[in-house]
Each structure stands twice: as C-alpha cells, then as structure tokens.
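Please read the structure below before turning to the comments.
Numbering starts at 1 and runs along the sequence shown.
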Amino acid sequence: MKAMIFAAGRGERMRPLTDTCPKPLLKVRGRPLIVWHILNLVRAGIKDIVINHAHLGSMIEEALGNGEQFGASIVYSAEGEALETAGGVAKARHLLGDEPFLALAADIYCPHFDFKQTKNVLEDNDVWGNPYPLDQRDVAWLYLVKNPAHHLQGDFALHSFSIANEGEPRLTFSGIGVYRPSMFDSITAGESAKLAPLLREYAARGQVGGELYRGDWTDVGTAERLAELNAPLTGN
C-alpha cells in the first residue's frame, strides 16, 4: 500500500508561524508534524509515500529529502497553488498506482495511530470469496473521531461501519482515510476540487465505510492548539 500525505495547505489560521515555515514542518514535542506521520507509516510497513505541497514546498523537500533518513521512499507532487484535497489526489494519480491507497492530512497529530489497520479495509470480495458488484463496493474507508470542541456539529454519522450523511450521533472526520483511485476519475489533473462533496456523493450511495478511532488525535489548525500540545506536561 502507498500513502499520500496532504501538505499543500497555506495554514492561514496559523499565521504568522506559517509565513516562514510550512504548517507540516511545525513541531510538536520537538518533531515536525509530518515526521510523526512518516515514522508511524514506516513502522506499519508503509514506506512508499507521496507528499503534495504548494506553499513553501521547497522547504518540505529540503527537510525530508527522499525519505531515506526515515526508512521511507518519498516522492513529491508540487502544485504551485494548492488544488484542495481531491484535486491534489488527481494530480498525483500517476504516483499512487491502481490499488487502494492511504491518505492523511499533514496537520493532524495522532502519535499512536496504528496504520497497519488500514491495509485491508477496502475488500473486493465478500467473506465467501465472491466479488462484490462494482456499484456495491466501498470506495473509501474513513476514520472518525469524537467531535472536538471547535467542531461540535461533526461531519458524518456512523451506522455499523457504514458512513452516512445524515443521522445521530454525529462524528468528525479525522483526516485519515483509504481510497480507491477510481473514486477520483471525474477530476482532471490540475483541477482544484474538494474531497467532501465526493465523500458525500458516495456515502449517499452506501459506498463509504468507516470506524471510530478512539486514540489521541488533534487537528492542529491554530497556533493556540499547537501551543497547547507543546505545553509542559504536568502530573497531579
């Protein structure tokens, strides 16, 4: 399995920090956010990694290189101007291959996520070995988390490992998912496109699966959240 790390965002809400440093290179507990992901991916045996970038992208390439220092093989998809998440996948399709791939946001902190669990979540066959019809196969598998304070409305409902657009309780998309490349066939390389509309379209068809992740997870979307993560640990 290959992995793609989304690292093209400008990080407007984290300015002025991101004026001179791309958000994925901001450090949590002494280590860049994106490096936490790379090390966890390699630990899970996922070593082929694609990273897209735009704002200050050359700094990302300089810091990470070809990935050899982490035991990984990293290639880059430079966008110039960020193409949004689905647009980033479309541009990088030639680097991702034809098999389901893992994709995750660079600006989340989930130090204990075990990426081994992502390798077989999109099945082609049922438990008896019979192929699922193409229009009944899951095209995506999302990891959801309990709603953080800044996103109490959530994104999706989860019904027996099936993602739904409506229903209760609402949960938040973690930014970690597994996708079939064919899901992005409607997007032209170089086109800017968001992921959420695609997910909602396929969820309405019953073709998006998922589960709840209960481990440590933070959307490091603001300077305040970054500061909280880096605050000294205190015991009682």
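- Residues Ile163 and Leu144 meet the side-chain proximity criterion, which asks for heavy atoms closer than 4.5 Å.
- Scanning for salt bridge (charged side-chain N to carboxylate O under 4.0 Å, His left out) contacts around Asp219 gives Arg225, with sequence neighbours left out.
- Scored by the ring-ring contact (aromatic ring centres under 6.0 Å, His included) test, His53 finds Tyr76 as partners (sequence neighbours excluded).
- By the rule that hydrophobic residues join a cluster once side-chain heavy atoms approach within less than 4.5 Å of another member, Leu212 and Val121 end up as members of separate clusters.
- Trp36 meets the ring-ring contact (aromatic ring centres under 6.0 Å, His included) test with Tyr109; sequence neighbours excluded.
- Looking at heavy atoms from C-beta onward, Leu102 lies in side-chain contact with Phe115 at the 4.5 angstrom threshold.
- Across all their heavy atoms, Ile176 and Cys110 have their closest contact at CD1-SG, 3.9 Å.
- Distance CZ/Phe6 to OG/Ser77: 10.5 Å, rounded to 0.5 Å.
- Using a distance-only test at 3.5 Å, with no hydrogens or angles considered, no donor-acceptor pair links the side chain of Asn52 to the main chain of Gly88.
- Residue pairs satisfying the salt bridge (charged side-chain N to carboxylate O under 4.0 Å, His left out) criterion with at least one member in residues 113-123, sequence neighbours excluded, are absent.
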Ignoring hydrogens and angles, write down the donor-acceptor pairs under 3.5 Å from the side chains of residues 204-211, residues two or more places apart or on other chains.
residue	atom	partner	partner atom	Å
Arg205	NH2	Glu201	OE2	2.5
Gln207	NE2	Leu134	O	3.4
Gln207	NE2	Asp135	O	3.4
Gln207	NE2	Arg137	O	2.8
Glu211	OE2	Trp141	NE1	3.0

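- For the residue pair Ser174 and Ile108, the shortest heavy atom distance occurs at O-CD1, 3.4 Å.
- Atom CG of Asp155 is separated from atom CG of Asn165 by 10.5 Å, given to the nearest 0.5 angstrom.
- When all heavy atoms of Ile187 and Ala86 are compared, the pair lying nearest together is CD1-CB, 3.5 Å.
- Rounded to the nearest 0.5 angstrom, Leu171 CG and Lys146 NZ are separated by 9.0 Å.
- Closest approach of Thr18 and His55 over heavy atoms only: O-NE2, 2.7 Å.
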Exercise for review: Applying side chain to side chain contact (heavy atoms under 4.5 Å, CB included), run through Thr218 and Glu228 and close with a yes or a no.
Suggested key: CA-CA 10 Å; Thr218 302; Glu228 289 174 4; over 6 Å; no

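- The side-chain heavy atoms of Ile38 and Ile5, taken from C-beta on, include a pair separated by under 4.5 Å.
- Classified by interplanar angle (parallel below 30°, tilted 30° to 60°, perpendicular above 60°), the ring pair Phe101/Phe184 is tilted.
- With a 4.5 Å cut-off on side-chain heavy atoms, Lys23 and Leu226 do not count as touching.
- The same ILVMFWY cluster, assembled from side-chain heavy atoms under 4.5 Å apart, contains both Tyr143 and Leu41.
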When the side chains of residues 190-199 are checked against the rest of the protein, which donor-acceptor pairs come out under 3.5 Å, sequence neighbours left out?
residue	atom	partner	partner atom	Å
Glu191	OE1	Thr188	N	3.0
Ser192	OG	Leu83	O	3.4
Lys194	NZ	Glu84	OE2	3.1

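- Within the 4.5 Å cutoff, the side chain of Val178 has heavy atoms near those of the Met1 side chain.
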Exercise for review: In sequence, state the C-alpha distance, the side-chain angles, and the governing distance for Lys27 and Arg29, and then conclude on side chain to side chain contact (heavy atoms under 4.5 Å, CB included).
Suggested key: CA-CA 6 Å; Lys27 291 184 178 181; Arg29 306 208 175 279; over 6 Å; no

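- More than 12 heavy-atom neighbours from other residues, nucleotides or ligands sit within 6.0 angstrom of OH on Tyr132.
- At a threshold of 4.5 Å between non-hydrogen side-chain atoms, the residues Met4 and Tyr179 do not count as touching.
- For the residue pair Ala157 and Glu168, the shortest heavy atom distance occurs at CB-N, 4.3 Å.
- Counting only residues at least two apart or on different chains, the ring-ring contact (aromatic ring centres under 6.0 Å, His included) pairs with a member in residues 192-232 are Phe113-Tyr213.
- In this structure, Leu25 and Leu33 have side chains that are not in contact, with every pair of non-hydrogen atoms separated by 4.5 Å or more.
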Please table the atom pairs, donor to acceptor, closer than 3.5 Å between any side-chain atom in residues 90-100 and protein atoms at least two apart or in another chain.
residue	atom	partner	partner atom	Å
Lys91	NZ	Ala78	O	3.1
Arg93	NH1	Pro181	O	2.9
Arg93	NH1	Asp185	OD1	3.2
Arg93	NH2	Asp185	OD1	3.2
His94	ND1	Lys91	O	3.3

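- What you find for Ile34 and Ala7 is that their closest heavy atoms are CD1-CB, 4.2 Å.
- A search for salt bridge (charged side-chain N to carboxylate O under 4.0 Å, His left out) contacts involving Asp138 returns nothing, not counting sequence neighbours.
- Checked by atom type and distance alone, the side chain of Asn147 pairs as donor or acceptor with a backbone atom of Thr172 at under 3.5 Å.
- Leu26 CG to Cys21 SG: the interatomic distance, rounded to the nearest 0.5 Å, is 4.5 Å.
- Here the straight-line distance linking atom NE2 of His37 with atom CD1 of Ile49 works out to 10.5 Å at 0.5 Å rounding.
- With sequence neighbours excluded, no residue forms a salt bridge (charged side-chain N to carboxylate O under 4.0 Å, His left out) with Asp216.
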With a 3.5 Å cut-off and sequence neighbours excluded, list the donor-acceptor pairs that the side chains of residues 63-75 form with protein atoms.
residue	atom	partner	partner atom	Å
Asn66	OD1	Glu68	N	2.9
Gln69	NE2	Ala63	O	3.1
Gln69	NE2	Leu64	O	3.3

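- With sequence neighbours left out, Arg170 forms a salt bridge (charged side-chain N to carboxylate O under 4.0 Å, His left out) with no residue at all.
- Side-chain contact between Glu61 and Met59 is absent, with no heavy-atom pair separated by less than 4.5 Å.
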